[in-house]
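Every chain is numbered from 1, with letters handed out A, B, ... down the list of sequences. Predicted model, so just to flag it, every value in this text is computed and none were measured.
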Protein chains: 2
Amino acid sequence: MKQLPSTQRSLPIALIRARENVMTPIRQMLSESGLTEQQWRVLRILDEHGALEPSQLAKHAALLLPSQTRIVQSMAQKGLVERREHRNDRRRTVIEITDVGQAIINDNAAKAAEIAAQIRDKLGPRRFETLLDILDDLRDLE
Amino acid sequence: MKQLPSTQRSLPIALIRARENVMTPIRQMLSESGLTEQQWRVLRILDEHGALEPSQLAKHAALLLPSQTRIVQSMAQKGLVERREHRNDRRRTVIEITDVGQAIINDNAAKAAEIAAQIRDKLGPRRFETLLDILDDLRDLE
DNA sequence: GCAATATATTTAACATGTTAATGATTGCGA
DNA sequence: TCGCAATCATTAACATGTTAAATATATTGC
């Protein structure tokens, strides 16, 4: 019978720790703008892809729809994003970034790029790419 | 000036997705016992290390103390863990697993080991170890 | 031995994660 | 065209994540 792996080498715990480590400097940056990491992700995705339907946004941002609904609502309140309805098909609401949201992206882009580069340098470009590739291979576990 | 990386190759998002993928089968297993993944982590750590002080438990389980306080309280209600106070130093409360908690570990150990093996096989042992090593290198970002 | 300090834990408050239930809208078939 | 199914989104309810404030206990300095 297979043995339970030691929690010291547990992949779930390692993934949690890694995320915590990676996000710490990003959170520090975002706290000055009063943004959460999830709100930042929404802005980044909308900046990159333009207006998106909720389900598409959720896929790109790795958010569950119920969470995203709340997040987008609060971001709309703050004027960071806007909802727009399709003329004929009312199901197809799209969410888009506002000028205010865009300004936040612009203000933080340099610092965010610096943090990303720092992580990449810490691992080395080769190991960094390897990491992304292996993480990607964890899709479709049965 | 450095460029923001595409969100498609963003490490934070990749880590979130990976965790989601890895936890899905584990959550399915735990739902039958009515446990959350965090409660399972607490049991696993206490099984492996014996009674621990809150801060030690939190480090091993990758939980923040405020979350852990609530989790342990609800687990104590259900009889899965117990708190015991140190004789002389009342700060040093320790948390330990109960027989009921131990039984849940035993009931799920085989299935959990199977899931872990499946993930390892999906990547291959070599890449699996590489993944853990690289994730570990993300400690101490500045 | 007492006040001040240091450390560890818990509470509080709000945001997000997660699953299940509800609601809204379109398209299809009788 | 009416109702029914399918799909997508939101709401609801509870658990956890996160930061800051409050609490508790022991230790230190005097």
### Task
Grab the CD-P distance between Glu20(B) and dT19(C) for me, whole Å please.
9 Å

### Query
Under 4.0 angstrom, heavy atoms only, what part of the nucleic acid is Gln68(B) near: base, sugar-phosphate, or nothing?
nothing

### Message
Can you tell me if Ser55(B) touches the phosphate of dT9(C), counting only side-chain N or O atoms and a distance under 4.0 Å to OP1 or OP2?
### Response
yes

### Query
Within this structure, what is the CD1-to-P distance between Ile71(A) and dT10(D), rounded to whole angstrom?
12 Å

### Task
Could you tell me whether a side-chain N or O of Thr93(A) sits under 3.5 Å from a main-chain N or O of Arg84(A), the two making a donor and an acceptor?
no

### Task
Please state how far atom CZ in Arg27(B) lies from atom P in dT16(D), giving the value in whole angstrom units.
11 Å

#### Entry: Between C1' of dA20(D) and CG of Leu65(B), the distance in whole Å
14 Å

### Task
Look at the side chain of Arg70(A) and the base of dG17(C), then say whether one donor and one acceptor between them are separated by less than 3.5 Å.
yes

### Summary
Considering only heavy side-chain atoms of Gln73(A), the closest of dT10(C), dT11(D), dG17(C) is dT11(D)

### Message
Please determine whether any donor N or O and acceptor N or O are separated by less than 3.5 Å between the side chain of Arg19(A) and the base of dG17(D).
### Response
no

### Task
Considering non-hydrogen atoms only, spot the tightest contact between Lys122(A) and Asp137(B) and give its length.
CE-O, 3.1 Å

### Query
Between Ile16(A) (CD1) and dA15(D) (C1'), how many Å, whole number?
14 Å

### Query
Please give, in whole Å, the distance from dA8(C) C1' to Arg83(B) CZ?
12 Å

### Task
Could you tell me the separation between the CG atom of Leu63(A) and the P atom of dT10(D), rounded to a whole number of Å?
13 Å

### Task
Give the nucleotide from the list dT19(C), dT9(C), dT18(D) with an atom nearest to the side chain of Glu37(A).
dT18(D)

### Query
Which listed nucleotide (dT9(C), dT19(D), dG17(D)) is nearest to the side chain of Pro66(B)?
dT19(D)

### Task
Measure from the side-chain N and O atoms of Asn21(A) to the backbone N and O of Arg17(A), and report whether any donor-acceptor pair falls under 3.5 Å.
yes

### Task
Report yes if at least one side-chain N or O of Ser74(B) is closer than 4.0 Å to OP1 or OP2 of dA15(D); otherwise report no.
no

### Task
Scan Gln39(A) against the nucleic acid and name what it touches under 4.0 Å (heavy atoms): base, sugar-phosphate only, or nothing.
sugar-phosphate

### Task
State which of dG17(C), dA12(C), dG17(D) makes the closest approach to the side chain of Gln38(A).
dG17(C)

### Pair listing, ring-ring contact (aromatic ring centres under 6.0 Å, His included) test, anchored in residues 16-49 of chain A, at least two apart
His49(A)-His60(A)

### Query
Which whole-number value in Å describes the distance from Glu85(A) CD to dT25(C) C1'?
11 Å

### Task
Identify whether any heavy atom of Ser67(A) sits under 4.0 Å from a base atom; if not, whether one sits that close to sugar-phosphate; answer base, sugar-phosphate or nothing.
base

### Query
Between the side chain of Glu48(A) and the main-chain N/O of Thr7(B), is any donor-acceptor distance below 3.5 Å?
yes

